[in-house]
Amino acid sequence: MTPHDFLADQFQGHRPHLKVVAYRMLGSLSEAEDAVQEAWLRLARSDSGDIDNLGGWLTTVVGRVCLDMLRARKARREESLEERLPDPVISRADAADPEQEVLLADSVGLALLVVLESLTPAERLAFVLHDMFGLPFEQIAPIVDRTPVAAKKLASRARQRVRGAAPNPDPADQRRVVDAFLDAARSGDFAALVSILDPDVVLRADGGVLAGGMKVLRGVAAVAGQLATFQRMATSATTHPALVNGLAGLVNTIDDQLISVMSFTIADGKIATLDILSDPDRLARLDLTRLEP
């Protein structure tokens with residue numbers, strides 16, 4: 001084995017972790033893959049003999065790459081992920097081990113990723129690397145050009161914004177509420193639907209550019225007012241229970257063609273957020289092999 005082959009083999013061992021980091025930083029599967037590939041290119045150009053901790057070095061490099069990508073995204077004033085849902089990761093609802101079955105995120109639901117998008121790039125990096133992956137602020141500080149104390153403050157501000165965005169009830173309780181939603185939708189039972197919606201429920205529906213982009217509804221009255229739409233979906237499509245980013249969700253197909261992915265955030269036995277991705281272009285790029293038996 002040549003030194004290059006040995007280095008490539010070591011990198012492959014770290015790739016899954018690096019993709020997790022990049023996905024939580026960027027909320028985009030394709031951009032996460034780009035960030036990981038850039039980390040490999042930088043490693044291949046470096047003097048790897050001087051690297052004592054390859055995993056830490058690669059995580060830091062991916063963090064820098066993602067920070068640059070987030071800053072460029074904002075600087076270009078492109079359509080940001082605040083106007084579209086993050087890419088979902090889907091697996092079977094009966095997966096024995098969500099951490100293994102879900103490609104990139106265990107219970108890091110779409111609702112949390114949307115909140116992360118509201119942070120500044122530096123806040124997001126500090127929070128993700130420290131709170132989600134346990135990197136010390138001494139390692140994070142140079143990436144964001146701050147002192148460790150300032151990096152700690154960035155994470156603290158982010159934590160305040162994120163708090164409450166990622167409730168993590170028992171999987172059986174999650175599925176019970178999602179099943180109740182589906183039953184109410186199929187039967188057109190308005191009272192039953194209202195009974196499982198949080199008073200401050202938020203519905204985000206992303207149908208893509210041709211559908212006018214993402215639409216956001218807030219409150220029980222507005223969301224329950226979509227019952228007719230929910231009923232059409234529930235009665236015309238084949239609904240498959242699934243895990244969406246590790247949380248209970250639904251995948252809907254018509255004649256084996258994917259038409260929507262629904263992600264639920266459950267808090268205190270109620271639906272706190274409902275995220276629906278129905279953008280045909282983005283649905284076509286989703287990997288559904290993990291739904292297969």
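All values below come from the heavy atoms of this structure, side chains included, with hydrogens, waters and symmetry mates left out.
In this structure, CG in Asp198 is found 8.0 Å from CG in Asp268, a value given to the nearest 0.5 Å. Here the straight-line distance linking atom OG of Ser278 with atom CE of Met233 works out to 11.0 Å at 0.5 Å rounding. Distance CD/Gln139 to OG1/Thr59: 8.0 Å, rounded to 0.5 Å. Separating the OG atom in Ser260 from the CD1 atom in Ile276 is a distance of 7.0 Å, to the nearest 0.5 Å. Put simply, CG on Asp173 and CD1 on Ile266 are 9.5 Å apart, with the number rounded to the nearest 0.5 Å. The distance from atom OG of Ser28 to atom CE of Met69, rounded to the nearest 0.5 Å, is 7.0 Å.
When hydrophobic clusters are built by joining Ile, Leu, Val, Met, Phe, Trp and Tyr residues whose side-chain heavy atoms come closer than 4.5 Å, directly or via intermediates, Met132 is grouped together with Val144. A continuous path of ILVMFWY side-chain contacts below 4.5 Å connects Val244 to Leu286, so both sit in one hydrophobic cluster. With hydrophobic clusters built from ILVMFWY side chains whose heavy atoms lie under 4.5 angstrom apart, Ile51 shares a cluster with Leu41. Both Leu129 and Leu54 belong to a common hydrophobic cluster when Ile, Leu, Val, Met, Phe, Trp and Tyr are linked at side-chain heavy-atom distances under 4.5 angstrom. Taking hydrophobic clusters as Ile, Leu, Val, Met, Phe, Trp and Tyr residues chained together by side-chain heavy-atom distances below 4.5 Å, Leu197 shares a cluster with Phe190.
Shortest non-hydrogen contact noted between Ala126 and Ala155 is CB-N, 3.9 Å. Minimum heavy-atom separation, Val62 to Ala35: CG2-O, 4.4 Å. When all heavy atoms of Ala234 and Arg186 are compared, the pair lying nearest together is CB-CG, 3.5 Å. Across Gly56 and Asn53, no two heavy atoms sit closer than the pair N-OD1, 3.0 Å. Ala111 and Thr265 make their closest contact through CB-OG1, 3.3 Å (heavy atoms, listed as atom of the first residue, atom of the second, distance). Across all non-hydrogen atoms, the minimal contact from Leu277 to Pro88 is CD2-CD, 3.7 Å.
Within the 4.5 Å cutoff, the side chain of Phe181 has heavy atoms near those of the Ile196 side chain. With contacts defined as side-chain heavy-atom distances shorter than 4.5 Å, the pair Arg24/Arg124 does not qualify. Between Val162 and Arg159, every side-chain heavy-atom pair lies at or beyond the 4.5 Å cut-off. Two residues are said to be in side-chain contact when any heavy atoms from C-beta on lie closer than 4.5 Å; His240 and Asn252 fail this criterion. Within the 4.5 Å cutoff, the side chain of Ile90 has heavy atoms near those of the Val251 side chain. A heavy-atom distance below 4.5 Å is not found between the side chains of Val61 and Leu43. Residues Thr229 and Arg232 form a side-chain contact, since some pair of their non-hydrogen atoms from C-beta on lies under 4.5 Å apart. Between Leu29 and Tyr23 there is a side-chain heavy-atom pair separated by less than 4.5 Å.
Looking at Ser187, its side chain does come within 3.5 Å of a backbone N or O of Asp183 through a donor-acceptor pair. Between the side chain of Arg204 and the backbone N or O of Asp275, no donor-acceptor pair lies under 3.5 Å. A donor-acceptor contact shorter than 3.5 Å links the side chain of Ser195 to the backbone of Ala192. Checking side-chain atoms of Asp255 against main-chain N and O of Gln257 turns up no donor-acceptor pair under 3.5 Å. Within the 3.5 Å criterion, the main-chain N or O of Ala248 finds a donor-acceptor partner in the side chain of Gln174.
Annotation: ring-ring contact (aromatic ring centres under 6.0 Å, His included) contacts of Phe133 (sequence neighbours excluded): His17.
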### Query
Step by step, would you call Phe264 with Val177 a side chain to side chain contact (heavy atoms under 4.5 Å, CB included)?
CA-CA 9 Å; Phe264 299 78; Val177 176; over 6 Å; no
### Message
With side chain to side chain contact (heavy atoms under 4.5 Å, CB included) as the criterion, how do Thr120 and Glu123 come out once you've worked through the C-alpha distance, each side chain's angles and the decisive distance to 0.1 Å?
### Response
CA-CA 5 Å; Thr120 68; Glu123 287 172 343; 3.1 Å; yes
### Message
Working note: Gln226 + Val223, criterion side chain to side chain contact (heavy atoms under 4.5 Å, CB included); need CA distance, chi angles, decisive distance, verdict.
### Response
CA-CA 6 Å; Gln226 301 301 303; Val223 175; 5.6 Å; no
### Query
Yes or no on side chain to side chain contact (heavy atoms under 4.5 Å, CB included) for Thr273 and Val201, after CA distance, side-chain angles and deciding distance?
CA-CA 5 Å; Thr273 61; Val201 61; over 6 Å; no
### Query
Passes side chain to side chain donor-acceptor pair (under 3.5 Å), Arg157 versus Gln160? Steps please.
CA-CA 5 Å; Arg157 288 203 299 268; Gln160 292 294 325; over 6 Å; no
### Query
Hey, mind stepping through Arg282 and Asp206 against salt bridge (charged side-chain N to carboxylate O under 4.0 Å, His left out) and telling me if it holds?
CA-CA 10 Å; Arg282 295 180 65 202; Asp206 183 354; 3.0 Å; yes
### Message
Before you tell me yes or no, could you show the steps for Asp5 and Thr2 under side chain to side chain donor-acceptor pair (under 3.5 Å), namely the whole-Å CA-CA distance, both residues' side-chain angles and the distance that decides it to 0.1 Å?
### Response
CA-CA 5 Å; Asp5 290 339; Thr2 66; 3.1 Å; yes
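Counting non-hydrogen atoms of other residues, nucleotides and ligands closer than 6.0 Å to NZ of Lys270 gives a total above 12.
Checked for salt-bridge contact, Asp200 and Arg218 miss the test: no charged N lies under 4.0 Å from a carboxylate O. Using a 4.0 Å cut-off between charged nitrogen and carboxylate oxygen, Glu117 and Arg73 count as a salt-bridge pair. In summary, Arg15 and Glu33 engage in a salt bridge, as defined by a charged side-chain N under 4.0 Å from a carboxylate O. Look at Arg285 and Asp87 and you find no salt bridge, because none of the NZ, NE, NH1 or NH2 atoms lies under 4.0 Å from a carboxylate O.
Ring-plane geometry between Phe11 and Trp40 is classed as tilted, the angle between the planes lying from 30 to 60 degrees on a 0 to 90 degree scale.
Of the candidates Leu125, Val65, Leu116, Met25 forms a side chain to side chain contact (heavy atoms under 4.5 Å, CB included) with just one, namely Leu125.
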